[in-house]
A.B. asks: 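Let me begin by handing over the structure; questions about it come next.
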Amino acid sequence: MDKNQGYAILKVVMLENGRGFALGECPREPEPFVTWACYDDEHGRRQYEWGHYGSDREALARDLTERVEDYQQQFSVKVAWVEEPGLYKYYSTQRPVDIGTFPKPPHNAPDEIVNYDQRVPVEGGAFLAWGHLTYTRPLSEKDMADYELRPSRDNPAVGKRMERKRAAKQEEKKPSISRQMEEAGRQAQERQAPPVHKKDAPDRGDR
């Protein structure tokens, strides 16, 4: 992962407009945790700004989440991806991992390279692989195709996952609101409906 001002970047949430927010740590600092706003410049280098510093990791992790959510609400953008050390895993399906057999995108070198003793079943036997690599940032479809890599099913589809979580939270609130609306509609219909007069059955003597 990157470093900024001596802080190791622990997590980055990038949004679809190219902006993002990062969580960093530097144990030797009086305030060892920080969140920054960030973006990638025209050379693909990560730039950081507007730091929030503190000594409580959990508090700064919450601050990261809140900054992301506040920015999303303000600018109506979705999460594009999340970066964490070794987060994205890809299997080499056709050959052992060696020089020239895997992609090295700018500022996204593999965090880990593992070769197996032989080609073995992976992902619960879904396919065979010679080894795997992990990356901080997701690889493009082209990189995967060019080097015949297959992503792990545990790799996060982060934008979709966070949108699902947000939708689930909204759904949790809906039942009580919908019930209130249904009840209000029912009451309105009852007020507007004409009275129903029941006709008494005729007496047998009137027949």
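Residue numbers run from 1 in the order of the sequence given.
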A.B. asks: Check this for me, if you would: do Asp56 and Arg62 make a salt bridge, where the nitrogen-to-carboxylate-oxygen distance has to be below 4.0 angstrom?
C.D. replies: no

A.B. asks: With a 3.5 Å cut-off and no angle check, do the side chains of Asp111 and Thr136 form a donor-acceptor pair?
C.D. replies: yes

A.B. asks: Does this structure show an ion pair linking Glu49 with Arg19, if we count only N-O contacts that are shorter than 4.0 Å?
C.D. replies: yes

A.B. asks: Do you know the tightest heavy-atom contact between Phe102 and Tyr147?
C.D. replies: N-CD2, 3.4 Å

A.B. asks: Test your reading of the model: is there a side-chain donor-acceptor pair from Asn115 to the backbone of Gly131, 3.5 Å cut-off?
C.D. replies: no

A.B. asks: What verdict does the side-chain hydrogen bond (donor to acceptor under 3.5 Å, both in side chains) test give for Glu123 and Tyr91, after you've listed the backbone C-alpha separation in whole Å, the side-chain angles of each residue and the deciding distance to 0.1 Å?
C.D. replies: CA-CA 10 Å; Glu123 299 288 299; Tyr91 293 97; 2.7 Å; yes

A.B. asks: Please indicate whether Asp117 has more than 12 foreign heavy atoms, meaning atoms of other residues, nucleotides or ligands, lying under 6.0 Å from its CG.
C.D. replies: no

A.B. asks: Search all heavy atoms of Tyr7 against all heavy atoms of Gly24 and return the closest pair with its distance.
C.D. replies: CD2-C, 4.0 Å

A.B. asks: Within this structure, what is the CZ-CG distance for the pair Arg67 and Leu60, rounded to the nearest 0.5 Å?
C.D. replies: 9.5 Å

A.B. asks: Residues in side-chain contact (heavy atoms from CB on, under 4.5 Å) with Arg57, at least two apart?
C.D. replies: Leu10, Glu25, Phe33

A.B. asks: Under 4.0 Å between a side-chain nitrogen and a carboxylate oxygen: does that hold for Arg137 and Glu83?
C.D. replies: yes

A.B. asks: Looking at Pro151 and Met144, what are the two nearest heavy atoms and their distance?
C.D. replies: CD-SD, 3.7 Å

A.B. asks: Excluding sequence neighbours, so at least two apart, what forms ring-ring contact (aromatic ring centres under 6.0 Å, His included) with Tyr116?
C.D. replies: His132

A.B. asks: Hey, could you give me the CH2/CG distance between Trp81 and Asn155, rounded to the nearest 0.5 Å?
C.D. replies: 14.5 Å

A.B. asks: Out of curiosity, Ser76 OG to Leu15 CG, how far, rounded to the nearest 0.5 Å?
C.D. replies: 11.5 Å

A.B. asks: Hydrophobic clustering (ILVMFWY, side-chain heavy atoms < 4.5 Å, transitive) - are Leu128 and Tyr90 grouped together?
C.D. replies: no

A.B. asks: Treat each ILVMFWY residue as a node, draw an edge where side-chain heavy atoms are under 4.5 Å apart, and state whether Leu133 and Phe127 are in one component.
C.D. replies: no

A.B. asks: Quick one, Val12 and Cys38 - any side-chain contact, counting heavy atoms below 4.5 Å?
C.D. replies: yes

A.B. asks: Apply side-chain hydrogen bond (donor to acceptor under 3.5 Å, both in side chains) to residues Tyr88 and Asn108 and explain how you reach the verdict.
C.D. replies: CA-CA 11 Å; Tyr88 295 90; Asn108 191 24; over 6 Å; no

A.B. asks: Any chance you could measure Asp63, atom CG, to Thr35, atom OG1, to the nearest 0.5 Å?
C.D. replies: 3.5 Å

A.B. asks: Which residues pass the ring-ring contact (aromatic ring centres under 6.0 Å, His included) test with Tyr48, not counting sequence neighbours?
C.D. replies: Trp36

A.B. asks: Side chain of Arg119, backbone of Gln94: donor and acceptor closer than 3.5 Å?
C.D. replies: no

